[in-house]
Protein chains: 2
Amino acid sequence: MVKRAYGQFCGVARALEIVGERWALLIVRDLLVGPRRFTDLRRGLPKIPTNILAARLHELEEAGVVRRRALPRPASGTVYELTEYGGELEGIVLGLGRWGAQSLGERRPEEIVTADSMVMALRTAFHPEAARGIRAGYELHLGGVVINARLDDGALVASAGPLAGADLVLTTTAPLRPLLTGEISPAAALERGLVRIVGEPDLLERFVEIFRIGPAGEVASRDTDFG
Amino acid sequence: MVKRAYGQFCGVARALEIVGERWALLIVRDLLVGPRRFTDLRRGLPKIPTNILAARLHELEEAGVVRRRALPRPASGTVYELTEYGGELEGIVLGLGRWGAQSLGERRPEEIVTADSMVMALRTAFHPEAARGIRAGYELHLGGVVINARLDDGALVASAGPLAGADLVLTTTAPLRPLLTGEISPAAALERGLVRIVGEPDLLERFVEIFRIGPAGEVASRDTDFG
DNA sequence: CCGGATCCTCGGTGATACTG
DNA sequence: CAGTATCACCGAGGATCCGG
């Protein structure tokens, strides 16, 4: 019946039959950021063969993880989006990202950085309690990709692309990790030119509090991207 | 360098390169219950080819997820166990189990139930706050496999096999889910013969409180095994 | 340009047999 | 018990082509 079944009556086995195929969870990762067209997914996953992408989307659709939606006029076309069931994978994908980031090491030349993966990395580093009472818009230029984060009293809305009217525009010229772990203070990072900002330096201080990683206590250090 | 890399500098991608290969997370699932020998893993995963099992164990060992250990005398041999890094996958595996259990449906004839998968299913259903101040040992016969759970003031230690001196021995003759969701009261389940117990009926009441699933609120219903 | 389908190759998987 | 060896097969990888 189900091809390539594990033959076990077990939630883990069933989950892997649904989203355990190659590329499937990376497609879900990008769709967690927002609905995407076939070509958007292709751009975010340059190494996926198009026949595999099409096959995965069909399988995920059949499993109730993904839904096709015809785009309204005028920008006709099709988008893929997560169903509610698919959206419940967010915690798992974030957990995998945190776990895998510990093995990231240095960025290899052939490895690319995509906007959607950076948005998810930002979400893994988010500390809602540190964002209480804060309302600010950030535009981040990380490793050549542009994403944005809007904070509104403990809530984070992050997505790909620039942000008109951002309160702070932050551009990195080096790995961001030392700044987020606290190894380097915001002032020192600015002085050494590791990051450039347009806007209030105060907002950079807030940023590292809200997206702090480590420091080797509550969560193991080196556990988020931004390498 | 790394074969079959996704080519993305992203924690999720790296995680999937390590534990995303077929069978890998099911091996981790079983090792989360405790150290296992090659043959133990084979028994728990009857459909895995032995060369694949050997290959996965090597890959996981090289990635720092699994460690080989020579068994001390007299019971000589080798066991595989999770490293600390591998153990950090517990939350992800439990999350996958919860998520996938929603798609379990009815048990198909060709699907087996294993002790290790039931132990993990029990852990996903565990509510520590409901176990505060309770000290009890359970032996559970679920779908033909025997596992045990020891509760000690909010802590759960569950493993495969029987439990000498258990306070309650519970044997199911039908899916356990209705009992754990609250659809059926413990008294009714006993009366209808869905479960048989040896020990104080009170301990059955406690059991369903501590391992309650649903009721369609805090966690979506039908989200755990015991089908 | 979007959204795939098609064709071909290659290597990982699956199944089984065999060995230290 | 703990794997290795062999081989058929099919899904992944890669390129191209095609209809809207």
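Within every chain, numbering begins at 1; the chains are lettered A, B, ... in the order of the sequence lines, protein sequences first and strands thereafter.
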Boundaries of the chain B footprint along DNA chain D (any atom under 4.0 Å from a heavy atom):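 Endpoints of the contacted stretch of DNA chain D: D:dC1 to D:dA12.
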Pairing residues for [X] by the side chain to side chain donor-acceptor pair (under 3.5 Å) criterion, not counting sequence neighbours:
| X | answer |
| --- | --- |
| B:Asp152 | B:Arg135 |
| B:Asp116 | B:Arg36 |
| A:Asp167 | none |

Do A:Leu89 and A:Val65 come within less than 4.5 Å of each other through their side chains, counting heavy atoms only?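 A side-chain contact exists here, since the closest heavy-atom pair is under 4.5 Å.
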So do the side chains of A:Leu122 and A:Ile147 get within less than 4.5 Å of each other, counting heavy atoms only?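 Yes, their side chains come closer than 4.5 Å.
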Salt bridge flag under 4.0 Å for residues A:Glu111 and B:Arg14: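 Counted as a salt bridge, because a side-chain N and a carboxylate O are separated by less than 4.0 Å.
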Looking at A:Glu81 and A:Arg69, is there a salt bridge between them, counting it only when a charged N and a carboxylate O are closer than 4.0 Å?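 A salt bridge links A:Arg69 with A:Glu81.
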So what does B:Ser76 touch, heavy atoms closer than 4.0 Å: a base, only the sugar-phosphate, or nothing?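 The residue B:Ser76 makes no contact with any strand.
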Tell me which residues in residues 32-54 of chain A put a heavy atom below 4.0 Å from DNA chain C, sorted by number, or none.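 Per residue number, the list reads A:Arg37, A:Phe38, A:Thr39, A:Thr50, A:Asn51, A:Ala54.
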What are the residues of residues 60-69 of chain A, sorted by number, that bring a heavy atom to within less than 4.0 Å of DNA chain C?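 Those residues whose heavy atoms fall under 4.0 Å from DNA chain C, taken from residues 60-69 of chain A in numerical order, are A:Arg68.
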Closest approach of B:Val28 and B:Leu82, non-hydrogen atoms and distance?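 Looking at all heavy atoms of both residues, the closest pair is O-CD1, 4.2 Å.
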So does B:Thr124 get a backbone contact from the side chain of B:Arg98, meaning a donor-acceptor N/O pair under 3.5 Å?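 Answer holds: yes.
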Residue-level proximity of residues 18-27 of chain A to DNA chain D when a heavy atom falls under 4.0 Å: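 Only A:Glu21, A:Arg22, A:Trp23 qualify.
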Spacing of CZ belonging to B:Arg43 relative to CD1 belonging to B:Ile48, to within rounding of 0.5 Å: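 If I round to the nearest 0.5 Å, the distance is 14.5 Å.
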Nearest-0.5 Å distance, CG of residue A:Leu31 to CG of residue A:Leu57: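 Output value for this atom pair is 7.5 Å.
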How sharply is the helix from C:dC1-D:dG20 to C:dG20-D:dC1 bent, taking the axes over five pairs at either end and rounding to 10 degrees?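 Taking the rotation axis at each end, their angle is 30°.
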The criterion is side-chain contact (heavy atoms from CB on, under 4.5 Å); which residues satisfy it with [X], sequence neighbours excluded?
| X | answer |
| --- | --- |
| A:Ala131 | A:Phe126, A:Leu151, A:Ile210 |
| A:Val146 | A:Glu139, A:His141, A:Pro162 |
| B:Thr78 | B:Arg68 |

Return a table of donor-acceptor pairs under 3.5 angstrom between the side chains of residues 5-12 of chain A and protein atoms on other chains or two or more places apart.
| unit_1 | atom_1 | unit_2 | atom_2 | d |
| --- | --- | --- | --- | --- |
| A:Tyr6 | OH | B:Arg22 | NH1 | 3.3 |

